[in-house]
Amino acid sequence: MEQKIRKFADLILESKNIIALTGAGMSTESGIPDFRSPGTGLWERMDPSFADISYFKNNPTRFYQQMLEMGLNIIKAKPHAGHKALTRLQKLGKLEGIITQNIDGLHIRARTKNIAEMHGNIREAVCMKCSQIYPITTLVNQVFNGKLTPECTECGGVLKVNAVFFGEMLPEKALVKADELISNCDLMIILGSSLTVMPVSFMPYRALTNDNNAKLVIINREKTNMDRQCLVVIHDSIADVLPKIVDLVEKELKNK
Ligand SMILES: NC(=O)c1ccc[n+]([C@@H]2O[C@H](COP(=O)([O-])OP(=O)(O)OC[C@H]3O[C@@H](n4cnc5c(N)ncnc54)[C@H](O)[C@@H]3O)[C@@H](O)[C@H]2O)c1
Ligand SMILES: [Zn+2]
C-alpha cells in the first residue's frame with residue numbers, strides 16, 4: 001500500500017492538469033449509501049423505478065411520502081476527510097475540477113471549485129412546468145406542512161427535486177463543463193464509482209484518448225472494468241487513503 005500511495009502522489013506531482021471523477025462511493029463514508037455496494041447498496045433495498053421520471057410524474061405525492069426521509073438524510077450529511085483532501089489538492093494547484101455523479105453537493109459544501117454535477121443536485125427544486133429554480137427548503141417546507149405535492153409559487157406547477165431522474169436529459173451546462181475538463185486533463189483520478197452508468201462510464205476512455213493521452217488512477221473498494229487501464233489501483237476506503245496521498249503531495253511541494 002505504501003508503494004501505491006507513493007506512486008499515486010508522484011503521478012499527481014508530475015501532472016499539470018488533474019481532474020477527479022467521483023461516484024456514489026465518494027459519499028458512503030458521509031453516511032449516504034451507494035447503489036451497488038454488496039450488502040449496503042440501495043438497489044438491494046429500493047425499487048429502481050422510484051428513480052424513474054415516469055414514477056414521479058404519475059404520482060409525486062407517493063414519491064415524496066417514500067423518499068422524503070432519504071432526501072433529508074442526504075441534505076444532513078457532511079463532507080468527510082476525502083472531500084476535504086480534494087479541496088486541499090485544489091488549493092495546492094493540483095486539481096482543476098471535479099466531474100461527479102453525486103447529487104449530494106458534498107464537493108461544493110467542502111468548498112472545492114469547478115464542479116460538473118452530471119446528475120443535478122438536491123440543493124434545489126425545479127418547477128416541472130415553468131423550470132423556475134427554488135432552494136430545496138421551498139419544497140421541503142411545503143411537504144412538512146402537509147402539501148405532499150409541492151407547488152411552484154409562480155405558476156402552480158409541481159416542484160421536483162433538481163436531480164436527474166432515469167429518463168431525463170442530463171443538464172447541458174454540466175455536459176459542457178465535463179467535456180472541457182476531460183479534453184484538457186493529463187491525469188484523471190477516479191473515486192468511488194462502479195463506472196457502469198453512462199455517460200460517466202465512458203469518460204475514462206475519453207481521457208485516455210484525449211490530446212494528452214491522460215493517465216488514470218483509481219480508488220474504489222471493488223474492481224471495475226477500467227482497473228487494467230489505471231496506473232495505480234487502490235481497493236480501499238477513500239476517506240482513509242486520499243488524505244494520505246494529499247499529505248505526501250503537500251510535503252513534496254513544500255520541500256521544493
Ligand atoms: N451520494 C449520492 O449523491 C448518490 C448516492 C447513491 C446513488 N447515486 C447515483 O447513483 C448512480 C451510481 O453510480 P456510481 O458509479 O456513482 O455508484 P455505484 O453504487 O454504482 O458504485 C459505487 C462504487 O463505490 C465503491 N465504494 C463504496 N464506498 C466506498 C469507499 N468508502 N471508498 C472507496 N470506494 C467505495 C463501491 O465498491 C462501488 O464500486 C449515479 O448515477 C449517482 O447519481 C448518488
Ligand atoms: Zn412554475
Side-chain angles (χ1 to χ4, degrees), residues 20-46 48 50-52 67 70-71 73-83 85 98-109 115-123 125-134 138-139 150-168 170-171 174 189-204 217-227 233-243 245:
L21 177 66
T22 69
M26 182 79 218
S27 298
T28 53
E29 289 162 288
S30 288
I32 305 173
D34 63 10
F35 278 166
R36 294 179 184 79
S37 277
T40 54
L42 284 175
W43 286 164
E44 294 192 6
R45 289 181 279 140
M46 191 180 111
F50 286 7
D52 206 287
M67 302 301 276
M70 184 184 293
N73 179 33
I74 299 179
I75 292 170
K76 278 191 279 181
K78 293 196 173 69
H80 61 63
H83 296 102
I98 301 178
I99 302 169
T100 188
Q101 307 194 86
N102 296 342
I103 57 169
D104 52 44
L106 289 177
H107 291 304
I108 290 177
R109 292 193 30 220
I115 316 239
E117 293 183 308
M118 304 313 298
H119 294 162
N121 69 77
I122 68 160
R123 287 183 301 285
V126 58
C127 171
M128 299 285 285
K129 206 158 143 195
C130 74
S131 304
Q132 170 81 26
I133 301 281
Y134 293 91
T138 306
L139 184 161
E151 283 175 8
C152 174
T153 46
E154 298 290 322
C155 78
V158 174
L159 290 184
K160 180 183 84 79
V161 54
N162 199 16
V164 177
F165 285 47
F166 293 141
E168 285 191 298
L170 298 190
I189 303 175
I190 304 165
L191 299 166
S193 174
S194 61
L195 298 174
T196 51
V197 180
M198 277 290 279
V200 166
S201 54
F202 196 62
M203 290 178 175
V217 288
I218 184 164
I219 307 176
N220 198 66
R221 275 203 174 123
E222 283 160 283
K223 291 185 186 146
T224 75
N225 286 336
M226 287 307 290
D227 285 7
V233 177
I234 298 179
H235 291 144
D236 208 327
S237 135
I238 296 165
D240 265 8
V241 178
L242 194 58
I245 294 168

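Sequential numbering from 1 along the given sequence is applied to the chain's residues. Counting convention: from 1, in listed order, for ligands and their atoms alike.
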Return the closest protein heavy atom for atom 17 (O) of ligand 1 as residue, atom name and distance. Ala24 CB, 3.5 Å
Pair Ser193-Gln101, side-chain contact (heavy atoms from CB on, under 4.5 Å): steps then yes or no: CA-CA 9 Å; Ser193 174; Gln101 307 194 86; 3.1 Å; yes
With heavy-atom distances below 4.0 Å as the criterion, list the atoms of ligand 1 near Ser237. 32 (N)
So, the side chain of Arg221 versus the backbone of Gly25: is there a donor-acceptor pair under 3.5 Å, distance only? no
Could you see which bit of His119 sits under 4.0 Å from ligand 1, with heavy atoms only: side chain, backbone, both or neither? side chain
So, the side chain of Asn102 versus the backbone of Ala24: is there a donor-acceptor pair under 3.5 Å, distance only? yes
How far is atom 32 (N) of ligand 1 from its nearest protein heavy atom, and which residue and atom name does that atom have? Ile238 N, 3.1 Å
Which residue holds the protein heavy atom closest to atom 9 (C) of ligand 1, what is that atom called, and what is the gap in Å? Phe35 CE1, 3.4 Å
With the Zn ion (ligand 2) as the apex, the SG/SG angle for Cys155 and Cys127 - to 10°: 100°
Just so I know, are the side chains of Met226 and Ile218 near enough to count as touching, which here means a heavy-atom distance under 4.5 Å? no
Give the residue, atom name and distance (to 0.1 Å) of the protein heavy atom nearest atom 21 (O) of ligand 1. Ser194 N, 3.3 Å
State, yes or no, whether a side-chain contact exists between His83 and Ser27 at a heavy-atom distance under 4.5 Å. yes
Opening angle at the Zn ion (ligand 2) [SG, Cys130; SG, Cys152; to 10 degrees]: 110°
Among protein heavy atoms, which lies nearest atom 42 (C) of ligand 1, and at what distance? Gln101 O, 3.2 Å
Run the numbers for me: atoms of ligand 1, each under 4.0 Å from some heavy atom of Ile32, listed by number. 1 (N)
After noting the C-alpha distance and the side-chain angles of Ile238 and Thr28, does the key distance pass the side-chain contact (heavy atoms from CB on, under 4.5 Å) rule? CA-CA 9 Å; Ile238 296 165; Thr28 53; over 6 Å; no
Can you find a heavy atom in the side chain of Thr153 that is under 4.5 Å from one in the side chain of Gln132? no
Does a side-chain heavy-atom distance below 4.5 Å link Ile32 with Leu106? yes
Can you check which of Leu191, Leu106, Asp34, Asp104 brings a heavy atom nearest to atom 22 (C) of ligand 1? Asp34
Near Val197, which atoms of ligand 1 are under 4.0 Å from a heavy atom of that residue? 13 (O)
Test your reading of the structure: does Ser193 have an N or O sitting under 3.5 Å from an N or O of ligand 1? yes
Sub-4.0 Å atoms of ligand 1 with respect to non-hydrogen atoms of Gly23: 16 (O)
Quick one: which ligand 1 atoms are inside 4.0 Å of a heavy atom on Thr28? 27 (C), 28 (N), 29 (C), 30 (C), 31 (N)
If we only count N/O pairs under 3.5 Å, is Ile219 in contact with ligand 1? no
Taking atom 31 (N) of ligand 1 as the point of reference, which of His80, Met118, Glu29 owns the nearest heavy atom? Glu29
Ignoring hydrogens, what is the shortest heavy-atom contact between Met118 and Val164? Give both atom names and the distance. O-CG2, 4.0 Å
Residue, atom name and distance, where the atom is the protein heavy atom closest to atom 34 (N) of ligand 1: Arg221 N, 3.0 Å
Look only at the side chain of Ser30 and the backbone of Lys78, and say whether a donor-acceptor pair between them is shorter than 3.5 Å. yes
Heavy-atom donor-acceptor pair, His119 side chain to Thr100 backbone, under 3.5 Å: no
Ser27 heavy atoms, cut-off 4.0 Å: which ligand 1 atoms fall inside? 1 (N)
Quick check: does Asn220 get an N/O under 3.5 Å from an N/O on ligand 1? yes
Where Pro171 and Gly120 come nearest, the two heavy atoms and their spacing: CG-N, 4.3 Å
Counting from 1 in the order shown, the ligand 1 atoms closer than 4.0 Å to a non-hydrogen atom of Asp236 are 32 (N), 33 (C)
The atoms of ligand 1 lying under 4.0 Å from a heavy atom of Pro33, numbered in the order shown, are 5 (C), 6 (C)
How far is atom 3 (O) of ligand 1 from its nearest protein heavy atom, and which residue and atom is that? Ile103 N, 2.8 Å
Which heavy atom of the protein is the closest neighbour of atom 37 (O) of ligand 1, given with residue, atom name and distance? Glu222 OE1, 2.7 Å
Please confirm whether the backbone N or O of Leu159 pairs with a side-chain atom of Tyr134, one donor and one acceptor, at under 3.5 Å? no
Pair Asn162-Arg123, side-chain contact (heavy atoms from CB on, under 4.5 Å): steps then yes or no: CA-CA 8 Å; Asn162 199 16; Arg123 287 183 301 285; over 6 Å; no
